[in-house]
Amino acid sequence: MDQRLALFQLAQAHGLDAGARARLMALAGLAGEPPGAAARLWRAVALLAAALVGLGLVMWVAANWEDLGRAGRFWLLQGVVVAMGLGACLRPMLRAPLGLITLLAVGALFAYFGQTYQTGADAWQLFALWAGLTLPLALGARHDAVWAPWALVAATGVSLWVQTHTGHQWRVQPDDLRVHALGWGALGLLCLLLSPAWAGWTGAGPWARRTALTLAAVALTLTAIGGLFHKDIAPHYPLGLLLLALAGVWLSRPAHFEVFGLSAAAMGLNALVVGGLARLLFEHGGRDPIGGLTLIGLVSAALLALSVRWILRLVREDAAREGTQDGEDAA
């Protein structure tokens, strides 16, 4: 339970007046500003400002497309990349926001290059180049403000690669299993790169890891659903079920516990199980669609309730382990 809410309930139960409530909050350490709140606020403001500046640069170039010559556009974008990159190197306190601007500016530069010269390169190649050239930037920044969007760029490149090698279509067919499996493997490597096991080397934090896990779970679930509703169920569906189940088991273990990624895997599993039930009922369930829909709703609610209960139990167990570890460290 939230500590502040528990104190309010305690004060209400004992009929404490305003002064007594204030003293109770002070004794609990909740009366003043949380420690480090000002520093965290300004870091958040700096990161938001960096995101707005980077996106504003892209929009400004697009709005003034006809007024800037080709050389002017390139000089502007390259100048921003160099200036922000040097600023990130020379000003450690501003490394995260300046690194974010640099990442966005590199993307804008590649987009303009691709539109200007029409190289014939596939979209996934530009995203792969974007991710590859900015990987040293993310390693140097060692902050989620750079790693999280970098993970989005890398995952987009993988998705576009899959789309290119399946006939430039977002399709799921049995013959495409090898391509989709390679894409899933690439997303798995991305999650591994941003996992706590490599955090000492990469500097990636929880939000970068959660971004990668969520994107991987979404890609896996959508592809498996596409296999489910193929004319004959494609092997993507059982393989997707198996991989999401293995991910759930892995993320539920104490050494690798991650509630955000575990929730994404559980939601994906629920969607696939309910989808499989829906196909089974409407193909072999007779002529009672109302009964079928009712059963699907009941199963969906039961699966969701069981998933939430399981994850909450794991969260409590993890909190208990952390409390025990803190007590041992203090002793």
A.B. asks: Return all side-chain donor-acceptor pairs below 3.5 angstrom for residues 215-227, not counting sequence neighbours, or 'none' if the list is empty.
C.D. replies:
from   : atom 1 : to     : atom 2 : distance (Å)
Thr221 : OG1    : Ala217 : O      : 2.7
Thr223 : OG1    : Ala219 : O      : 2.7

A.B. asks: Can you tell me if Trp130 uses its side chain to pair, donor with acceptor, with the backbone of Leu103 under 3.5 Å?
C.D. replies: yes
A.B. asks: Are Trp201 and Leu193 side-chain neighbours, meaning at least one heavy-atom pair lies under 4.5 Å?
C.D. replies: yes
A.B. asks: More than 12 heavy atoms of other residues, nucleotides or ligands under 6.0 Å from CZ of Arg91: yes or no?
C.D. replies: no
A.B. asks: Indicate the atoms forming the closest heavy-atom contact of Arg142 with Leu139, along with that distance.
C.D. replies: CG-O, 3.0 Å
A.B. asks: Could you tell me whether Trp124 and Phe127 have their ring centroids closer than 6.0 angstrom?
C.D. replies: no
A.B. asks: Under 4.5 Å between any side-chain heavy atoms of Trp310 and Ser252, yes or no?
C.D. replies: yes
A.B. asks: Show the nearest heavy-atom pair for residues Leu304 and Met267, with the distance to one decimal.
C.D. replies: CD1-SD, 4.2 Å
A.B. asks: Tell me, do Leu228 and Leu272 make a side-chain contact under 4.5 Å, heavy atoms counted?
C.D. replies: no
A.B. asks: Which atom pair, heavy atoms only, marks the closest approach of Ala266 to Ile311?
C.D. replies: CB-CD1, 4.1 Å
A.B. asks: Would you say that Val259 contacts Ser263 through its side chain, given a criterion of any heavy-atom pair below 4.5 Å between the two side chains?
C.D. replies: yes
A.B. asks: Measure the acute angle between the ring planes of Trp184 and His236, then classify it against the limits of 30° and 60° as parallel, tilted or perpendicular.
C.D. replies: perpendicular
A.B. asks: Minimum heavy-atom separation for Ala88 to Leu98, with atom names?
C.D. replies: N-CD1, 3.7 Å
A.B. asks: Looking at every non-hydrogen atom in both residues, tell me the closest pair between Arg209 and Ser195 and how far apart they are.
C.D. replies: CD-CA, 3.9 Å
A.B. asks: What are the two closest heavy atoms between His168 and Asp122, and how far apart are they?
C.D. replies: CE1-OD1, 3.7 Å
A.B. asks: So Trp150 and Thr134, do their side chains get closer than 4.5 Å, heavy atoms only?
C.D. replies: yes
A.B. asks: Can you check whether Trp207 reaches Leu194 side chain to side chain, under 4.5 Å on heavy atoms?
C.D. replies: no
